[in-house]
There are 4 protein chains.
Amino acid sequence: MKPRKQPRQGRSRQTCDAILEASARILEEDGIARFTTNRIAERAGVSIGSLYQYYPSKEAILAALIRGLHEELLEDLGAAIKGATGRPFATAIEMLLKASLLHHARRPALAFTLERLEAGLPLDQETFELKQRIRVLVTGLLQRFGIDGVGQTAFDLIAIIHGLAQAATAAGETDMDALYLRLRRAAFGYLGMDWRSTPE
Amino acid sequence: MKPRKQPRQGRSRQTCDAILEASARILEEDGIARFTTNRIAERAGVSIGSLYQYYPSKEAILAALIRGLHEELLEDLGAAIKGATGRPFATAIEMLLKASLLHHARRPALAFTLERLEAGLPLDQETFELKQRIRVLVTGLLQRFGIDGVGQTAFDLIAIIHGLAQAATAAGETDMDALYLRLRRAAFGYLGMDWRSTPE
Amino acid sequence: MKPRKQPRQGRSRQTCDAILEASARILEEDGIARFTTNRIAERAGVSIGSLYQYYPSKEAILAALIRGLHEELLEDLGAAIKGATGRPFATAIEMLLKASLLHHARRPALAFTLERLEAGLPLDQETFELKQRIRVLVTGLLQRFGIDGVGQTAFDLIAIIHGLAQAATAAGETDMDALYLRLRRAAFGYLGMDWRSTPE
Amino acid sequence: MKPRKQPRQGRSRQTCDAILEASARILEEDGIARFTTNRIAERAGVSIGSLYQYYPSKEAILAALIRGLHEELLEDLGAAIKGATGRPFATAIEMLLKASLLHHARRPALAFTLERLEAGLPLDQETFELKQRIRVLVTGLLQRFGIDGVGQTAFDLIAIIHGLAQAATAAGETDMDALYLRLRRAAFGYLGMDWRSTPE
DNA sequence: TATGAATGAGTGTTCATTCAT
DNA sequence: TATGAATGAACACTCATTCAT
């Protein structure tokens with residue numbers, strides 16, 4: 001499941017990245033249906049042998065992409081929560097929501113497909129931990145403001161964000177600002193806050 | 001995509017159903033990974049030749065299952081909305097939510113898997129229409145109570161329900177009553193209603 | 001390891017046999033080097049899919065061939081030993097030796113290659129039992145004549161026969177009668193009998 | 001087939017030997033299945049590029065190992081036959097047999113595997129000549145004692161030794177002394193000598 | 001000279017689908 | 001109409017070998 005080598009420098013690093021980027025593009029354009037190792041190698045401009053030098057299996061590539069997605073989210077959320085210190089609850093939540101949409105905004109189709117695929121896969125340890133850390137981050141924020149049942153609330157909040165973002169992408173929406181407002185309404189509503197106030 | 005024949009009576013009907021039921025069970029137990037036509041035929045107690053007499057392709061079987069899911073939902077929602085006539089808004093929404101969870105309650109693994117798969121497939125016309133009718137149903141209910149932006153609201157409401165139900169199933173939750181309460185909180189919140197009142 | 005289906009009749013039986021025969025021929029002509037499933041299927045005049053309908057893996061085909069070899073040997077030895085009842089020891093051993101050479105005489109290259117390959121493979125249960133039954137047969141014969149250390153003697157006798165037959169085949173010998181005489185000398189000598197008497 | 005260079009001195013020689021030793025160990029531990037050039041290089045602590053600097057192909061490495069085995073045998077036999085001058089026939093044969101078992105005693109698994117593999121390979125000229133010299137050695141010994149049909153006798157003797165040694169190794173035997181006694185019985189018997197006399 | 005990243009032909013195997021019976 | 005043997009394109013993956021550095 002883990003990459004085979006990480007001589008993360010020079011030519012190797014480039015090959016590694018090319019494989020991941022080609023994989024991402026194939027998923028974006030064709031979904032899993034045509035996500036085959038030979039096609040990945042071809043699009044990466046790399047031989048099939050090289051692909052297997054860096055990733056032990058097709059699943060490992062997928063796992064790497066998924067892990068990447070979660071790392072990105074974790075980073076975005078971390079930055080948002082850090083930046084929210086000292087701000088009122090509503091503002092903090094708003095920043096959280098915006099951060100949650102970032103990776104959808106960057107590569108909607110990729111985020112959509114990867115999140116969909118992840119649900120049908122057995123999670124590897126590392127990804128599991130990433131998700132846990134994400135939940136911990138959200139839980140921590142809620143705790144800071146004395147919310148009840150922080151664990152469950154965080155879980156539901158994430159599920160709602162996820163559900164709305166996935167549905168919007170599936171429907172072909174591209175207006176992230178509009179989506180943000182609806183998301184804010186859903187999240188604020190769930191948290192018992194007044195979403196009719198002026199959003200940031 | 002459509003079944004090959006609909007002599008919806010007698011032995012043919014039975015064979016059709018056996019194939020669908022076998023498919024459902026395979027999806028529930030093993031996911032898509034082992035969802036193969038030969039296995040379906042075997043579990044249905046039918047020859048592979050017969051399977052192809054009733055369904056032109058594997059996708060057609062999947063499409064039929066997905067269509068079935070939506071038909072079920074449509075029916076459940078229809079009944080709920082019908083039963084809600086004359087009741088206050090909060091009660092109507094509560095009935096709507098309960099109806100939405102029915103198919104998750106009946107066969108959680110199947111609902112989970114099919115909804116996940118659906119998102120990665122091109123929708124056939126008939127399923128598209130079914131989904132539209134579902135949205136129309138919800139939209140109609142909202143309209144009856146003078147809600148603003150009924151289309152968008154219905155869309156988001158469905159997305160939120162979907163998101164929470166999928167996340168709960170993925171996490172292995174089985175307590176549908178608990179899920180209902182959280183769902184109620186999310187939906188009521190999104191609609192600007194007070195979810196702290198006594199639920200039905 | 002075991003064949004997948006044995007509807008040992010009609011077309012199926014033919015396909016099964018064609019695969020085995022093609023495999024045998026490839027082993028005879030090219031050894032393991034070119035023993036590939038696609039080549040087997042091609043030479044059998046059968047699609048690769050059919051091959052896998054009857055044998056779950058390449059190893060299973062090899063195992064079937066090896067099993068066949070041992071079944072043949074068992075049968076030949078059984079007949080020889082049965083026919084030797086009432087005959088003197090020397091005659092009984094002579095019949096045993098002749099029977100042991102039969103499968104080498106029929107398809108020398110195949111016997112040679114299969115016996116060589118067998119030594120490098122983990123034996124499946126059934127083949128193991130076949131070999132045991134062969135040893136039991138030889139042991140029984142020796143016991144009938146009050147030989148000491150029948151187990152070890154049978155083992156060594158089989159090894160000597162095997163060694164001579166393999167070496168002769170490797171050297172390209174074809175004169176089975178000449179080989180028989182040398183084999184007789186070796187076996188009789190090992191058993192402490194006079195091999196200078198007139199052979200049968 | 002031949003090593004690429006024989007600057008049989010200094011570092012080159014060391015690299016060559018490391019490759020051969022790594023190959024031997026892999027064959028002993030895993031058989032041919034995992035006998036791959038990359039693995040050999042890795043275990044030898046040498047880059048794959050260097051491996052190909054010394055051996056033009058995987059077969060060349062195998063050939064070198066086989067050649068080494070025969071060189072060893074030739075040396076052991078030569079020493080035995082030299083040491084047997086002036087001794088009676090029985091003693092000479094006993095020394096020959098003991099010498100024949102030496103390489104099996106030293107590295108049973110390696111000898112077993114290499115001898116098995118050799119039979120399935122086209123012999124290179126040099127190995128062919130080595131085997132011939134071995135046969136000449138044995139033939140010469142027999143001739144010294146006025147044995148009839150020395151060529152054939154030598155051939156058969158070698159085959160019998162080989163057959164028993166391989167079978168014993170395959171069966172997991174480790175008691176070389178016991179094996180020697182059975183071998184003596186077989187060889188003496190084949191030569192028409194009394195193996196019931198006291199062995200050396 | 002030594003390295004190891006890169007190559008790609010070739011392997012075993014699956015599975016949706018067809019069609020003779 | 002039902003059967004299930006047969007098909008073969010397509011797939012994941014390996015490994016001997018090359019060659020730029």
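Order of the sequence lines fixes the chain letters, A, B, ..., with proteins taken first and strands second; residue numbering starts at 1 for each chain.
You'll find that the side chain of C:I48 is closest to E:dT14, out of F:dT7, E:dT14, F:dA2. Nearest to the side-chain atoms of B:Y52 among the listed nucleotides E:dT17, F:dT18, F:dA5 stands E:dT17. The side chain of B:S50 has F:dT3 as its nearest neighbour among E:dT3, F:dT3, F:dA5.
When the nearest nucleotides of DNA chain F are assigned to D:G49 and C:G45 by heavy-atom distance, the more 5′-ward of the two goes with C:G45. Take the nearest nucleotide of DNA chain E for B:R34 and for D:N38: the residue whose nucleotide is more 5' is D:N38.
Nucleic acid contact for D:T36: sugar-phosphate only, since backbone atoms but no base atoms lie under 4.0 Å from a heavy atom of the residue.
C:L121 is not listed as a side-chain neighbour of C:E59, based on a closest heavy-atom distance of 4.5 Å or more. Counting heavy atoms from C-beta outward, B:T37 and B:Y55 have side chains that stay 4.5 Å or more apart.
If you measure from atom CG of C:L51 to atom C1' of F:dA6, you get 12 Å, rounded to the nearest angstrom. To the nearest angstrom, C1' of F:dA10 lies 14 Å from CD of A:E42. With rounding to whole Å, A:D30 atom CG is found 16 Å from F:dA10 atom C1'. Nucleotide F:dC13 holds its P atom 6 Å from the CD atom of A:E59, rounded to whole Å. A straight line from CD1 of C:I26 to P of E:dG12 spans 10 Å, rounded to a whole angstrom. Atom NZ in D:K58 sits roughly 8 Å away from atom P in F:dC15 (whole-Å rounding). Separating the CZ atom of A:R39 from the P atom of E:dG8 is a distance of 19 Å, rounded to the nearest angstrom. Between the CD1 atom of A:I61 and the C1' atom of F:dC13 there is a distance of 11 Å, rounded to whole Å.
At least one side-chain nitrogen or oxygen of A:T15 sits closer than 4.0 Å to the OP1 or OP2 atom of E:dA6. Contact between the side-chain N/O atoms of D:S47 and the OP1/OP2 oxygens of E:dA2 is not found at any separation under 4.0 Å. Taking 4.0 angstrom as the limit, C:T37 places a side-chain polar atom (N or O) nearer than this to OP1 or OP2 of E:dG12. Contact between the side-chain N/O atoms of C:Y55 and the OP1/OP2 oxygens of E:dG12 is not found at any separation under 4.0 Å. Checking the phosphate oxygens (OP1, OP2) of E:dG4, no side-chain nitrogen or oxygen of A:Q53 falls inside 4.0 Å.
When all heavy atoms are compared, the tightest approach of D:A63 to D:D124 is CB-OD1, 4.4 Å. For the residue pair C:S23 and C:L65, the shortest heavy atom distance occurs at CB-CD1, 3.7 Å. Listed here is the closest heavy atom pair of A:Y52 and A:S57: CE2-CA, 4.0 Å.
The pair B:R107-B:E21 meets the salt-bridge criterion, with a side-chain N (NZ, NE, NH1 or NH2) lying under 4.0 Å from an Asp/Glu carboxylate O.
Applying the salt bridge (Lys or Arg N to Asp or Glu O under 4.0 Å) criterion to C:E118, with sequence neighbours excluded, gives C:K131.
With a cut-off of 3.5 Å on both pairing distances, the Watson-Crick and G-U wobble pairs of DNA chain F assemble into stems of 3 or more at E:2-21 with F:2-21.
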Would D:L51 and D:T15 count as a side chain to side chain contact (heavy atoms under 4.5 Å, CB included) here? Give the steps.
CA-CA 8 Å; D:L51 185 150; D:T15 305; over 6 Å; no
